[in-house]
Trainee: 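Attaching a single structure in structure tokens format; questions to follow.
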Amino acid sequence: MMETREPGAAPPVKLGVIADDFTGGTDIAGFLVRGGLSTVQFGIIPPPGFNAGAEAVVISLKTRSCPADEAAAQSLAALRALKGMGCRRFFFKYCSTFDSTAQGNIGPVTDALLAELGLGFTVVCPALPLNGRTVYLGYLFVGGALLSESGMRDHPVTPMRDANLMRLMAAQSQGRAANLPLPVVEQGPSAIQAKLEKLRAAGARYAVLDAVADEHLHLLGQAVADWPLVTGGSGLGWGVAAHLARREAGRTRSAATAGAPPDGGRTVVLSGSCSVMTNAQAAAYSAEAPSWKMDSRRCLHDPVEYAAEIAAWVSAQKNS
């Protein structure tokens, strides 16, 4: 599937991403840029036909833990907005720790997107080896431990008590999940595609993809780059983006500079998660740079004055 355009025309939207939260949407947007696609991110669903002027568009929703029917409805609205931009490839992005419950929302959203697109099969791959998330024999590991033995075991909203992605997916969806094992992945895109077809023909609705290294994500990304619907974490999005960018004829800029922000200026880092990993990252950052712990009660009950206080504090910090 090769897109062409007139000189000076806006780039076609090669990949549309529907993310289940803003943090994850920001994460995959960065990986798409790293893969070589110019990318824009929306915190709202843009109007139909909106000209994004980028090769990839990320729509970040807040559907990770809302009722499953609401998550599906919002995701479908995002899908239709991306279609209105001319997009033909879609990526449903969820967390690399597969945050969900037996009721959803990963399964119900995936099923809604499959139905809307008239499809009966897709892949599942939350692996992100760079952050210690790997999948082997369909089991999700976090930093070398099974998901069910990690800090996610006692998450207050989505406690993850099982590391088997096939069981997790089957419990919350409308079909059977099967594993595409690592030895097949290491044989390359052709072998991956052949195995996926066999799994589909055997009645599987979802193929859980093994990946324990970045190279696996790139092999998988090449194998599924032209699929109408792919689901997974930022790592697989990186693999898909890298393949789409690499094969485009006549590129005039490198993957390293595609969509990169300008040099210079000041940066504010916002963190809203209370996970074990995020707390550790926030502590490490605070030891090296100025930080402000926000008061959620004042955000709700005194937003104007509190915002002014925070803005004044940020402005007073020296560049570092």
Side-chain angles (χ1 to χ4, degrees), residues 17-21 23-25 28 59-79 90-128 133-142 146-180 196 199-200 202-211 224 227-237 275:
V17 177
I18 301 165
D20 67 358
D21 80 340
T23 303
I28 194 170
I59 299 179
S60 297
L61 305 174
K62 193 170 179 61
T63 55
R64 181 167 297 174
S65 55
C66 69
D69 57 345
E70 293 181 18
Q74 291 183 42
S75 299
L76 288 175
L79 176 72
F90 306 96
F91 193 108
F92 170 38
K93 194 276 177 193
Y94 38 78
C95 188
S96 60
T97 48
F98 209 74
D99 301 13
S100 56
T101 67
Q103 292 72 43
N105 288 347
I106 295 173
V109 170
T110 299
D111 285 335
L113 296 174
L114 284 170
E116 179 77 5
L117 294 169
L119 305 172
F121 184 66
T122 191
V123 298
V124 172
C125 186
L128 186 57
R133 274 68 160 173
T134 57
V135 179
Y136 181 66
L137 296 179
Y139 284 82
L140 180 55
F141 291 80
V142 178
L146 286 167
L147 173 67
S148 52
E149 297 175 6
S150 73
M152 289 300 300
R153 174 179 173 80
D154 297 316
H155 190 283
V157 179
T158 54
M160 304 307 297
R161 304 291 174 82
D162 192 353
N164 185 299
L165 292 170
M166 287 82 73
R167 284 197 296 261
L168 288 170
M169 194 67 186
Q172 58 182 274
S173 63
Q174 299 175 7
R176 181 173 65 84
N179 176 233
L180 190 148
L196 288 172
L199 294 177
R200 185 201 63 77
R205 184 171 173 84
Y206 325 98
V208 175
L209 310 178
D210 280 3
V224 302
W227 283 33
L229 178 66
V230 172
T231 87
S234 299
L236 184 57
S275 70

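Heavy atoms only: backbone and side chains are in, while hydrogens, waters and symmetry mates are out.
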Trainee: Tell me which donor-acceptor pairs under 3.5 Å the side chains of residues 119-128 have, and how far apart each pair is, sequence neighbours excluded?
Mentor:
{"from": "Thr122", "atom 1": "OG1", "to": "Leu229", "atom 2": "O", "distance (Å)": "2.7"}

Trainee: With rounding to the nearest 0.5 angstrom, report the CZ to OH distance, Arg167 to Tyr139.
Mentor: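 Rounded to the nearest 0.5 Å, the CZ-OH separation comes out at 4.5 Å.
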Trainee: Minimum heavy-atom separation for Ser234 to Gly24, with atom names?
Mentor: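 Here Ser234 and Gly24 meet closest at OG-O, 4.3 Å.
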Trainee: For Asn105, check side-chain hydrogen bond (donor to acceptor under 3.5 Å, both in side chains) against everything at least two apart and list the hits.
Mentor: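 Asn105 satisfies side-chain hydrogen bond (donor to acceptor under 3.5 Å, both in side chains) with no other residue.
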Trainee: Could you tell me whether Asp154 and Arg161 make a salt bridge, using a distance below 4.0 angstrom between a side-chain N and a carboxylate O?
Mentor: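 Salt bridge between Asp154 and Arg161, a charged N being under 4.0 Å from a carboxylate O: yes.
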Trainee: Do you know the tightest heavy-atom contact between Val208 and Ala177?
Mentor: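 It is CG2-CB, 4.4 Å.
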Trainee: Would you confirm whether Ser100, through its side chain, and Phe98, through its main-chain N or O, come within 3.5 Å as a donor-acceptor pair?
Mentor: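 Flag set: sc Ser100 to bb Phe98 pair under 3.5 Å.
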Trainee: Between Val135 and Leu209, is a side-chain contact (heavy atoms from CB on, under 4.5 Å) present by the stated rule, with each step listed?
Mentor: CA-CA 7 Å; Val135 179; Leu209 310 178; over 6 Å; no
Trainee: How far does CG of Leu196 sit from CH2 of Trp227, to the nearest 0.5 angstrom?
Mentor: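 Here the interatomic distance stands at 4.5 Å.
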Trainee: With side chains defined as the heavy atoms from C-beta onward, is the minimum distance between Ile106 and Leu168 less than 4.5 Å?
Mentor: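 Contact flag for Ile106/Leu168 side chains = no.
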Trainee: Once you round to the nearest 0.5 Å, how far does CD1 of Ile59 lie from CZ of Phe90?
Mentor: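 Rounded to the nearest 0.5 Å, the CD1-CZ separation comes to 9.5 Å.
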Trainee: The test is side-chain contact (heavy atoms from CB on, under 4.5 Å); show your working for Leu147 and Phe141 and say whether it passes.
Mentor: CA-CA 5 Å; Leu147 173 67; Phe141 291 80; over 6 Å; no
Trainee: When rounded to the nearest 0.5 angstrom, what is the spacing between CE in Met152 and CG in Asp99?
Mentor: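 Those atoms lie 3.5 Å apart.
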Trainee: What's the separation between atom NZ in Lys93 and atom CG in Asp20, rounded to the nearest 0.5 Å?
Mentor: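 Interatomic distance, Lys93 NZ to Asp20 CG, rounded to 0.5 Å: 6.5 Å.
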Trainee: When rounded to the nearest 0.5 angstrom, what distance separates CG in Asp21 from OG1 in Thr63?
Mentor: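 Answer for the CG-OG1 pair, Asp21 versus Thr63, is 8.0 Å.
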Trainee: Can you check side-chain contact (heavy atoms from CB on, under 4.5 Å) on Phe91 and Leu236, steps first, answer last?
Mentor: CA-CA 9 Å; Phe91 193 108; Leu236 184 57; 4.1 Å; yes
Trainee: Less than 4.5 Å apart, any side-chain heavy atom of Leu79 and any of Leu117?
Mentor: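 Leu79 reaches Leu117 side chain to side chain.
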Trainee: Heavy atoms only: give me the nearest Asp210-Leu137 pair and the separation to one decimal.
Mentor: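 That would be OD2-N, 2.7 Å.
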Trainee: Which pair of heavy atoms, one from Gly138 and one from Asn179, lies closest together, and at what distance?
Mentor: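 Shortest heavy-atom contact: N-ND2, 3.3 Å.
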Trainee: So Met169 and Thr110, side-chain contact (heavy atoms from CB on, under 4.5 Å) or not? Walk me through it.
Mentor: CA-CA 10 Å; Met169 194 67 186; Thr110 299; 3.9 Å; yes
Trainee: Applying salt bridge (charged side-chain N to carboxylate O under 4.0 Å, His left out) as the test, list every pair that has at least one member in residues 109-124; sequence neighbours left out.
Mentor: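 Salt bridge (charged side-chain N to carboxylate O under 4.0 Å, His left out) check on residues 109-124 returns Arg80-Glu116, Asp111-Arg205.
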Trainee: Which pair of non-hydrogen atoms, one from Ser150 and one from Val142, has the smallest distance, and what is that distance?
Mentor: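 In this case the closest contact between Ser150 and Val142 is CB-CB, 3.9 Å.
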Trainee: Minimum heavy-atom separation for Pro108 to Ala72, with atom names?
Mentor: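 Nearest pair, atom of Pro108 first, then Ala72: O-CB, 4.4 Å.
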